[in-house]
There are 2 protein chains.
Amino acid sequence: MKIDPQKPADLSAQIAQAIRDAIVSGQLIVDERLPSEAELADQFQVSRPTVREALKRLAAQSLIRTQRGATGGAFVNRLSFEDAYSQQITTSTLLLSMNTVSFDTACEARYALERACARLSAQRRTADQLATMRAEIFRQAQPGLTDEAFCASDVAFHRALVDGAGNPVLSYQLAGAVEAMQPLMNMITFTARSREEIISLHSQIADGLENGDADVVEESLVKLEKYTRKLAHDVAEQRRKPA
Amino acid sequence: MKIDPQKPADLSAQIAQAIRDAIVSGQLIVDERLPSEAELADQFQVSRPTVREALKRLAAQSLIRTQRGATGGAFVNRLSFEDAYSQQITTSTLLLSMNTVSFDTACEARYALERACARLSAQRRTADQLATMRAEIFRQAQPGLTDEAFCASDVAFHRALVDGAGNPVLSYQLAGAVEAMQPLMNMITFTARSREEIISLHSQIADGLENGDADVVEESLVKLEKYTRKLAHDVAEQRRKPA
DNA sequence: CGTTTTTATTTGTCTGACATTTAAAAGTCT
DNA sequence: AGACTTTTAAATGTCAGACAAATAAAAACG
């Protein structure tokens, strides 16, 4: 691990990159302890605050964890699926909020990905996952449910559908797509009428998964996508002509 | 933006979270300048190094950028698709390398996601994207191509297929799935024979996209998945009985 | 031998300082 | 007055040294 002392600025970024490379290339393995901050400062010929800035960069990416005390230090962190989920969600949410992505584009992507899980989920969903979906559908039908709660339940329903595929890599990849849509979905004020339709389609999906009928699930997802996009379109229309 | 001074450790993490929340919630908008490090230190009642550690965490996630000089400072960064791509790829690669994910699981996820693009890509792929695919197929057929070059070309081919869907959100979500597979693919030593078959399937895909025939594309992708998994299985078999 | 105390190590934080970069302000010359 | 040069101020980048707090091992003690 070497850094170029010629390059002027951002020593901490260079050091972070050097350590990152060492982790990615396998020179540093999971749970291995990095040298202490003082030792790293010596090795890289920089001060301790600079080393610390580098370590914080890595910590922000969940690449290391730190522990205080005598046997403490910075350890190479096993990037768990959970950590990866939340990073993925944060990034996706920001990406959608800070770029002009049309609702249609985001919606299309989300449902295209979700349909990719339909077949696998129809084969593999556990009874537990199916029960979760049924429970969420039940909750969604409760009168007096706030829009936020309805959206959260919607996300939970779709998460269960995705997890039903029994493929953690797939779940990870879709986490962003499903969760990041929630803020966008919140822009649509769900009327009682529109909820009814959505709940009906959710039921069709659950039925399809229960019977292992992937075609029904895919079809219902297509309908759900169309309906969601229509809702968004109507809301946009209303805003244009508020009268 | 407030932090809890009671909680003992990791002030920098709390500060980073506070600023992150301010960005996500829209209190800080793109290209807005944050207060200077000294001012932030005052606001949060901490020292400047602590503030700096917090800022480095945010910089590691491309949430802010910093600029030196009189009118410099930390600015809220517009998270570009490009930045998001590379973060996605890094995270996915690490996730796969640091967890015991079977080749089958990763492969299944990748092709399930890729098939999600097939229909859209058959409708929308540009002539340019099709040309890229044909060019990559041609390259893949060159004798004497190294395994690394073949894999890179394979990735380029699939990237073009995904981008053909004309949905940047979809491209972003799939970047990780496609790129992170490359290290795993490299474990398979492609023989000349296996390349032939892969190239043939690539051609079928390109033909399908050219003719707007999504079914052919999906079918070919299924075949490609099956073939890839068979190759991996054979390699594993050979390793078990090296004689 | 078990419990308590001490000690050493390491991260977390603070203070104060200097270097470097950068753009604006001030000054100077034509 | 206008164009060029110099100065200055503000900000980040870096450093050095110090102390606090946590933690586990070592030492002391009953």
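In what follows, every chain begins at residue 1, and chains take the letters A, B, ... in the order their sequences are listed.
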Novice: Measure the distance from CZ on B:Phe44 to P on C:dG12 and round it to the nearest whole Å.
Specialist: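 After rounding, the gap between these two atoms is 19 Å.
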
Novice: Considering only D:dA21, D:dA9, D:dT14, which nucleotide approaches the side chain of A:Thr50 most closely?
Specialist: D:dT14

Novice: For the side chain of A:Lys56, counting heavy atoms from C-beta on, which of C:dT15, C:dG12, D:dT12 is nearest?
Specialist: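 So the side chain of A:Lys56 is nearest to C:dG12.
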
Novice: Of A:Gln45 and B:Gly72, whose closest DNA chain D nucleotide lies nearer the 5' terminus?
Specialist: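 Its nucleotide being nearer the 5' end, the pick is B:Gly72.
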
Novice: Could you check how far CD1 of A:Ile64 sits from P of C:dT11, rounded to whole Å?
Specialist: 10 Å

Novice: Going by the angle between their ring planes, with limits at 30° and 60°, are A:His202 and A:Phe157 parallel, tilted or perpendicular?
Specialist: parallel

Novice: Please determine whether any donor N or O and acceptor N or O are separated by less than 3.5 Å between the side chain of A:Arg48 and the base of C:dG12.
Specialist: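 By the distance-only test, yes, there is a pair.
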
Novice: Please give, in whole Å, the distance from C:dT10 P to A:Arg33 CZ?
Specialist: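 Those two atoms, CZ and P, are 6 Å apart.
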
Novice: B:Asp10 CG to C:dC14 P: how many Å, rounded?
Specialist: 12 Å

Novice: If you only use heavy atoms from C-beta on, which nucleotide in D:dA22, C:dT13, D:dA10 is closest to the side chain of B:Ala70?
Specialist: D:dA10

Novice: For B:Asp42 and D:dA11, what is the distance between atoms CG and P respectively, to the nearest whole Å?
Specialist: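 Rounded to whole Å, this separation is 12 Å.
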
Novice: Scan A:Arg65 against the nucleic acid and name what it touches under 4.0 Å (heavy atoms): base, sugar-phosphate only, or nothing.
Specialist: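 The answer is nothing, as A:Arg65 stays clear of every strand by at least 4.0 Å.
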
Novice: Starting at atom CZ of B:Arg68, determine the distance to atom P of D:dT12, rounded to an integer number of angstrom.
Specialist: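 That distance rounds to 11 Å.
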
Novice: With a 4.0 Å limit, can you tell me whether A:Ser47 has a side-chain N or O closer than that to the phosphate oxygens OP1/OP2 of D:dC15?
Specialist: yes

Novice: Using side-chain heavy atoms (C-beta onward) and a distance below 4.5 Å, is A:Val101 in contact with B:Pro168?
Specialist: no

Novice: Return the nearest nucleotide to the side chain of B:Ser36; candidates are D:dA11, C:dG12, D:dG13.
Specialist: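 Of all the options, the side chain of B:Ser36 is nearest to D:dA11.
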
Novice: C:dG12 phosphate, OP1 or OP2: any side-chain N/O from A:Thr66 under 4.0 angstrom?
Specialist: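 Yes, because at least one side-chain N or O of A:Thr66 sits under 4.0 Å from OP1 or OP2 of C:dG12.
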
Novice: Check A:Arg124 with B:Glu108, please: is the shortest side-chain N to carboxylate O separation under 4.0 Å?
Specialist: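 Salt bridge between B:Glu108 and A:Arg124, a charged N being under 4.0 Å from a carboxylate O: yes.
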
Novice: Nearest to the side chain of B:Leu11, heavy atoms from C-beta on, is which of D:dT14, C:dT13, D:dA21?
Specialist: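 So the nucleotide nearest the side chain must be C:dT13.
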
Novice: With nearest nucleotides of DNA chain C determined for A:Pro49 and A:Leu55 from heavy-atom distances, which residue corresponds to the more 5′ nucleotide?
Specialist: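 Closer to the 5' end of DNA chain C: A:Leu55.
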
Novice: When the distance from CZ of A:Phe75 to P of C:dT9 is rounded to whole Å, what number comes out?
Specialist: 16 Å

Novice: Between C:dG12 atom C1' and B:Arg52 atom CZ, what is the distance in whole Å?
Specialist: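 In whole Å, C:dG12 C1' lies 17 Å from B:Arg52 CZ.
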
Novice: Cation-pi between B:Arg159 and B:Tyr85: NZ/CZ under 6.0 Å from ring centre and within 45° of the ring axis?
Specialist: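 Output yes; distance and angle both within limits.
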
Novice: Got more than 12 heavy atoms from elsewhere within 6.0 Å of CD, A:Gln123?
Specialist: yes

